[in-house]
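Counting starts at 1 for both ligands and their atoms, in listed order.
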Amino acid sequence: MIPLSKPDITEKEQKAVSEVLKTSSLSLGKNYLGFEKLMAKYAGVKYTVVVNSGTSGLHLIIKSLGIGKGDEVITTPFSFISSANCILYEGAKPVFADIKSDTFNINPELVEGLITPKTKAILAVDVFSQSADWDELKKIAKKHKLFLIEDSAEALGSTYKSKRCGSFGDASVFAFYPNKQITTGEGGVVLTNNKKIYELCRSMVNQGRKNKNGKWLEHIRLGYNYRLDEMSSALGVAQMKRIKEILKKRARVAELYNKKLENIKELEIPYIKPKNKLSWFVYVVKLMNSLSGRKRDEIIKKMAKKGIQCSNYLQVIHLQPFYKKEFLYKVGDFPIAEDISERTLALPFFNNLKEKEIDFIVKNLKEIIHSVK
Ligand SMILES: Cc1ncc(COP(=O)(O)O)c(C=O)c1O
């Protein structure tokens with residue numbers, strides 16, 4: 001089987017993790033702090049707090065901004081579930097704005113019309129590592145005095161106008177699940193230039209302890225254990241040392257796909273907005289209208305029979321069973337996101353995917369598309 005994604009772990013990374021196991025410092029040690037420093041430098045932000053998942057990071061951000069019951073946060077329905085769930089964790093309400101059909105990102109033109117006195121923040125996602133329209137979103141946030149949250153879980157290394165994603169929100173996150181550009185197994189990081197947000201996240205990640213001169217069993221606020229252990233942090237440090245090489249490998253795979261797929265008239269290769277540079281989280285094509293929905297799913301099944309794992313990235317959040325039940329969303333509420341969600345197809349994508357494998361994937365995709373048409 002050619003998998004959809006595959007982590008790229010070298011001997012250096014294996015050694016870095018096993019070195020930690022020879023010490024007695026398995027938590028809150030030099031790797032955790034070192035990883036935080038590396039991430040701050042890379043994204044060009046002042047403060048970072050490493051956490052045990054992107055979801056934990058988003059939760060800490062919502063909480064540190066004081067968003068809670070009765071508040072609303074405007075966000076995208078075309079994302080992984082966490083970017084809306086983190087709003088629900090604190091009793092606030094996600095308010096969805098539909099997306100743009102080219103970048104799949106939240107449409108800033110629709111955001112302003114959704115602002116009410118209850119709106120506290122805009123949470124935009126750099127989906128599939130494509131930067132959101134940060135200039136537009138910043139203007140709206142400034143005008144209405146709203147916080148801007150950047151879910152950059154999928155966009156480590158991407159840029160918008162030559163500035164790194166993860167640096168555009170009042171607070172942002174990256175995530176390090178094994179399908180991401182770099183992995184720590186599970187893991188994530190909160191990034192911010194705001195000292196207050198940083199200090200709250202720093203305390204809450206560690207059970208609500210004082211950040212300085214606190215006693216281990218003294219807890220000054222409600223906190224969580226969202227810390228990342230030393231083994232995972234060491235893996236993160238070692239992966240970050242290779243980030244340039246990793247992104248180069250991903251760009252190579254994307255270029256090969258682009259070249260080999262560009263003449264297939266039944267699909268569109270990924271669109272890249274001018275001034276955006278992608279770090280290639282996934283490789284997702286958009287199928288023509290007549291291949292959407294059931295036909296797309298049939299293509300996925302037939303590809304699997306040939307030993308090629310594909311996926312229907314992403315299912316819209318508002319039509320997830322839990323959201324439909326809780327908020328009575330229905331088909332047609334966010335038509336562009338729904339249309340994109342029915343037509344997108346993620347192909348196997350990882351650093352060391354060979355050209356021979358790409359040829360095999362493309363050949364089968366062509367044949368299968370013709371067989372289901
Ligand atoms: C857009 C987005 N937000 C949040 C997350 C959550 O990250 P994690 O799985 O590390 O909790 C992901 C992970 O896939 C994601 O793609």
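Evaluation of the salt bridge (charged side-chain N to carboxylate O under 4.0 Å, His left out) rule for Lys265 yields no partner, not counting sequence neighbours. Under the rule for a ring-ring contact (aromatic ring centres under 6.0 Å, His included), the partners of Tyr257 that lie at least two apart in sequence or sit in another chain are Tyr283. Asp359 is linked by a salt bridge (charged side-chain N to carboxylate O under 4.0 Å, His left out) to Lys260, counting only residues two or more places apart in sequence or in another chain.
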Write out each pair where an N or O from ligand 1 and one from the protein are under 3.5 Å apart, with the distance.
| unit_1 | atom_1 | unit_2 | atom_2 | d |
| --- | --- | --- | --- | --- |
| ligand 1 | 3 (N) | Asp151 | OD1 | 3.3 |
| ligand 1 | 3 (N) | Asp151 | OD2 | 2.6 |
| ligand 1 | 10 (O) | Gly54 | N | 2.8 |
| ligand 1 | 11 (O) | Gly54 | N | 3.4 |
| ligand 1 | 11 (O) | Thr55 | N | 2.9 |
| ligand 1 | 11 (O) | Thr55 | OG1 | 2.4 |
| ligand 1 | 14 (O) | Lys180 | NZ | 2.6 |
| ligand 1 | 16 (O) | Glu154 | OE2 | 2.6 |

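Around atom OH of Tyr177, no more than 12 heavy atoms belonging to other residues, nucleotides or ligands sit under 6.0 Å away.
By the 4.0 Å N-to-carboxylate-O rule, Lys248 lies too far from Glu245 to be salt-bridged with it.
Figure legend: cation-pi geometry between Arg227 and Tyr32 absent, as NZ or CZ is not positioned both under 6.0 Å from the six-membered ring centre and within 45° of its axis.
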